[in-house]
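All values derive from a computational prediction rather than experimental measurement.
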Amino acid sequence: MVIKYNLLAAASITMLAESNDQGVQDKPDSPNIIYILADDMGYGDIGCYGNKNIKTPNLDKLADEGIRFTDFHSNGAVSSPTRAALLTGKYQQRTGITGVITAKSHRDVGLPLSENTIADILRKEGYKTGIFGKWHLGYSKKYNPIHQGFDEFIGYMSGNVDYHSHVDQEGYYDWWRGDELINQRGYTTDLITENAIDFIQRNKENPFFLYIAHEAPHSPYQNRESKADRCPGGVPGVDFPVSGSEKDIPSIYKDMVEILDENVGKTMEVLKELKLDNKTVVIFCSDNGANKNGSNGILKGFKGSVWEGGHRVPAIIRWSGRIKQGVTSNEPVLTMDIMPTILEIAGHENYTGIDGISLADHLLNNKPLPPRSLFWQHGNYYSIRKNDWKLVVYKKHEDPELYNLKSDVKEVFDVSDENPGIVKELLEDLTEWQKNVLEGVKIFS
């Protein structure tokens with residue numbers, strides 16, 4: 001089936017979705033969808049992307065059995081914007097989520113309930129929907145995932161919690177079932193997987209959309225043996241170190257990624273045990289690039305940057321029996337493309353008002369994606385990607401720098417002086433995007 005796209009440029013864009021009256025149960029080929037999102041994992045943090053130190057056999061196997069993307073980008077250079085884009089299929093700025101929703105300064109900010117999320121749509125189609133792990137799209141109960149299309153939620157609302165005590169960076173206990181606090185003991189990465197597996201087992205007879213939002217390898221840097229650093233009511237920087245008390249961060253970081261990989265393996269094993277392997281699309285990626293404790297490979301910049309290291313991330317998609325194994329894709333992709341991809345795979349039609357494009361034909365038939373310009377914003381920095389060209393500017397198009405990513409993916413050589421025509425063209429495209437997407441939007445970071 002083909003989704004009909006009609007991109008509306010106005011900032012007040014709305015999504016329209018019509019559900020099939022008979023629901024997805026009448027579509028026996030509708031697959032389950034599992035979306036696994038790592039937190040702050042860099043382009044060079046796992047084996048199949050070149051890391052020789054960290055052992056990630058399960059993610060490497062996932063790549064061997066599906067498509068590994070070399071030019072996949074998070075919509076944001078930090079957490080919340082990427083998650084808003086993932087759920088809505090839009091540039092996150094259209095939803096008002098332009099920066100990270102912090103525990104200290106943004107406890108009244110969240111993804112508007114007027115947004116029609118992918119969970120909203122799939123639930124109307126008969127899918128069971130669940131999220132386990134990190135939400136980070138609003139601290140207030142009114143922004144809870146169960147009010148945004150998810151049947152079930154167990155996890156935390158903030159940007160990160162202590163892996164053992166589940167206290168956020170401002171000293172609030174933050175572990176929920178739906179919109180009620182619960183006491184669930186355990187190491188966060190393991191708990192997220194345990195809850196996700198329970199969801200799979202309970203919903204094995206009907207199609208489901210499962211969003212596994214891992215915390216690893218985001219700070220605080222703690223492995224299974226680390227002590228809990230944060231306590232409820234504690235003052236950050238006084239009663240506990242925000243990033244944790246471990247001294248050997250490289251070693252702990254390695255453990256955290258390897259534990260995450262172990263849990264991906266547990267999830268995949270359950271699919272095989274329940275004979276859901278061929279019925280389930282598994283998508284893995286990161287929400288932004290690594291900070292200086294991780295690896296972005298040869299890429300320039302880190303989390304919070306519009307350089308490639310801030311948003312080019314590892315990404316893998318596997319659908320056993322449908323997607324060819326061991327394929328590498330060099331097509332430029334954004335997180336917001338996942339929503340229309342899932343909807344097309346699930347057989348949903350007549351969906352309008354998104355910025356992302358479906359990857360379904362590329363995944364199933366190796367068809368190239370249509371040319372388009374792609375945009376990033378973080379604070380006062382902007383970048384635009386068009387074909388192999390990337391332009392980076394500050395504030396009102398100050399200090400433009402131009403790079404050819406085909407020959408210079410490290411973004412070392414600024415060739416703006418030699419290509420004034422390209423600079424002019426990209427600035428015009430950026431101006432139009434800013435007018436259509438950012439007009440009237442409050443920028444925070």
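- Side-chain contact check for I154 versus Q184: some heavy-atom pair is nearer than 4.5 Å.
- Here R202 pairs with E152, D198 under the salt bridge (charged side-chain N to carboxylate O under 4.0 Å, His left out) rule; sequence neighbours left out.
- Applying the 6.0 Å contact sphere to NZ of K266 captures more than 12 heavy atoms from other residues, nucleotides or ligands.
- Side-chain contact between Y35 and V281 is absent, with no heavy atoms from C-beta onward closer than 4.5 Å.
- Among all heavy-atom pairs drawn from N32 and F208, the shortest one is OD1-N, 3.1 Å.
- D190 and T193 share no side-chain donor-acceptor pair at under 3.5 Å.
- Of all heavy-atom pairs between F199 and T129, the closest is CZ-C, 3.8 Å.
- In the displayed structure, K141 atom NZ is contacted under 6.0 Å by more than 12 heavy atoms of other residues, nucleotides or ligands.
- Judged by distance alone, the side chain of H362 and the main-chain N or O of K367 form a donor-acceptor pair under 3.5 Å.
- The shortest non-hydrogen separation linking V313 to S74 is CG2-N, 4.0 Å.
- Taking A85 as the reference, N75, Q92, M336 meet the side chain to side chain contact (heavy atoms under 4.5 Å, CB included) condition, with sequence neighbours excluded.
- Checking T188, T189, V264 one by one against I259, the side chain to side chain contact (heavy atoms under 4.5 Å, CB included) holds for a single residue, T189.
- The pair D277-R318 counts as a salt bridge, with a side-chain nitrogen and a carboxylate oxygen less than 4.0 angstrom apart.
- One finds a salt bridge joining K303 and D40 here, because a Lys/Arg side-chain nitrogen approaches an Asp/Glu carboxylate oxygen to under 4.0 Å.
- For the pair L87 and L111, the tightest heavy-atom approach, listed with the atom from each and the gap, is CD1-CD2, 4.5 Å.
- Under the 4.5 Å side-chain criterion, counting only non-hydrogen atoms from C-beta, Y91 is not in contact with L438.
- With S383 contributing its side chain and Q377 its backbone, the two residues share no donor-acceptor pair below 3.5 Å.
- Taking a 6.0 Å sphere around OH of Y187, one finds it holds more than 12 heavy atoms contributed by other residues, nucleotides or ligands.
- Between the side chains of H348 and E125, at least one donor N or O sits under 3.5 Å from an acceptor N or O.
- Put simply, the side chain of K134 gets close to the backbone of G159: a donor and an acceptor are under 3.5 Å apart.
- S80 places a side-chain N or O within donor-acceptor distance of the main-chain N or O of H136, the cut-off being under 3.5 Å.
- Proximity of a side-chain donor or acceptor of Y143 to a complementary backbone N or O of L113 within less than 3.5 Å is not detected.
- Between the side chains of D255 and N223, at least one donor-acceptor pair of N or O atoms lies under 3.5 Å.
- Ion pairing between a basic and an acidic side chain is recognised when a charged N comes within 4.0 Å of a carboxylate O; D261 and K55 show no such pairing.
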Might you work through the side chain to side chain donor-acceptor pair (under 3.5 Å) test for N160 and R230, ending with a clear yes or no?
-> CA-CA 11 Å; N160 65 85; R230 303 177 187 176; 2.8 Å; yes
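- Side chain of D337 to backbone of I357: a donor-acceptor contact under 3.5 angstrom is found.
- L334 CG to F375 CZ: the interatomic distance, rounded to the nearest 0.5 Å, is 10.5 Å.
- Defined by atom type and a distance below 3.5 Å, a donor-acceptor pair is missing between the side-chain atoms of D174 and Y139.
- Note on R83 versus D39: salt bridge recorded, some NZ/NE/NH1/NH2 to OD/OE distance being below 4.0 Å.
- Rounding to the nearest 0.5 Å gives a distance of 10.0 Å between CZ of R372 and CZ of R385.
- For S320 and N278, the side-chain atoms include at least one donor-acceptor pair closer than 3.5 Å.
- In this structure, CE in M41 is found 10.5 Å from SG in C285, a value given to the nearest 0.5 Å.
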Please walk me through it: do D168 and K104 pass salt bridge (charged side-chain N to carboxylate O under 4.0 Å, His left out)?
-> CA-CA 10 Å; D168 77 11; K104 182 177 183 179; over 6 Å; no
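- By the side chain to side chain contact (heavy atoms under 4.5 Å, CB included) test, L274 is found to be paired with I200, Q201, K204, V270, L276, residues two or more places apart in sequence or in another chain being considered.
- Ion pair K227/D229 flagged as a salt bridge, since at least one NZ, NE, NH1 or NH2 atom sits closer than 4.0 Å to an Asp/Glu carboxylate oxygen.
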Might you work through the side chain to side chain contact (heavy atoms under 4.5 Å, CB included) test for I118 and I33, ending with a clear yes or no?
-> CA-CA 11 Å; I118 186 172; I33 310 291; over 6 Å; no
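- Here R107 does not pair with E170 in a salt bridge; the nearest charged N to carboxylate O distance is not below 4.0 Å.
- Between the side chain of H106 and the backbone N or O of T102 there is at least one donor-acceptor pair closer than 3.5 Å.
- Taking CG from L210 and CD1 from I283, the interatomic distance works out to 11.5 Å, rounded to the nearest 0.5 Å.
- Using a 3.5 Å distance cut-off with no hydrogens or angles, the side chains of E246 and S226 do pair a donor with an acceptor.
- Nearest heavy-atom pair, P217 versus Y221, reported as atom, atom and distance to 0.1 Å: O-CE2, 3.5 Å.
- The closest side-chain donor-acceptor pair between D71 and N330, if any, does not fall under 3.5 angstrom.
- A 6.0 Å sphere centred on NZ of K300 holds more than 12 heavy atoms belonging to other residues, nucleotides or ligands.
- Annotation for R177: atom CZ does not count as buried by contact number, only 12 or fewer foreign heavy atoms lying within 6.0 Å.
- Proximity of a side-chain donor or acceptor of H378 to a complementary backbone N or O of G99 within less than 3.5 Å is not detected.
- Side-chain atoms of K386 and P371, non-hydrogen and from C-beta on, never get closer than 4.5 Å to each other.
- In this structure, I345 and P31 have side chains that are in contact, with non-hydrogen atoms separated by less than 4.5 Å.
- Formation of a donor-acceptor pair under 3.5 Å by the T98 side chain with backbone atoms of K442 is found in this model.
- Between L37 and Y211, the closest side-chain pair of non-hydrogen atoms falls below 4.5 Å.
- The distance from the NZ atom of K254 to the CD1 atom of I252 is 11.0 Å, given to the nearest 0.5 Å.
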Just do the side chain to side chain contact (heavy atoms under 4.5 Å, CB included) check on E215 and Y163 with the steps written out, would you?
-> CA-CA 8 Å; E215 179 173 19; Y163 280 75; 3.2 Å; yes
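- In plain terms, the two heavy atoms of A290 and N296 that are nearest each other are N-OD1, 2.9 Å.
- The shortest distance between side-chain heavy atoms of N263 and I192 does not fall below 4.5 Å.
- Rounded to the nearest 0.5 Å, atoms CD1 (I384) and CH2 (W376) are 9.5 Å apart.
- Paired with L181 under the rule side chain to side chain contact (heavy atoms under 4.5 Å, CB included), one option of W176, W175, Y172 passes, and it is W176.
- Counting heavy atoms from C-beta outward, P250 and D248 have side chains that approach closer than 4.5 Å.
- Under the 3.5 Å distance criterion, the side-chain polar atoms of N51 are matched with a main-chain donor or acceptor of I54.
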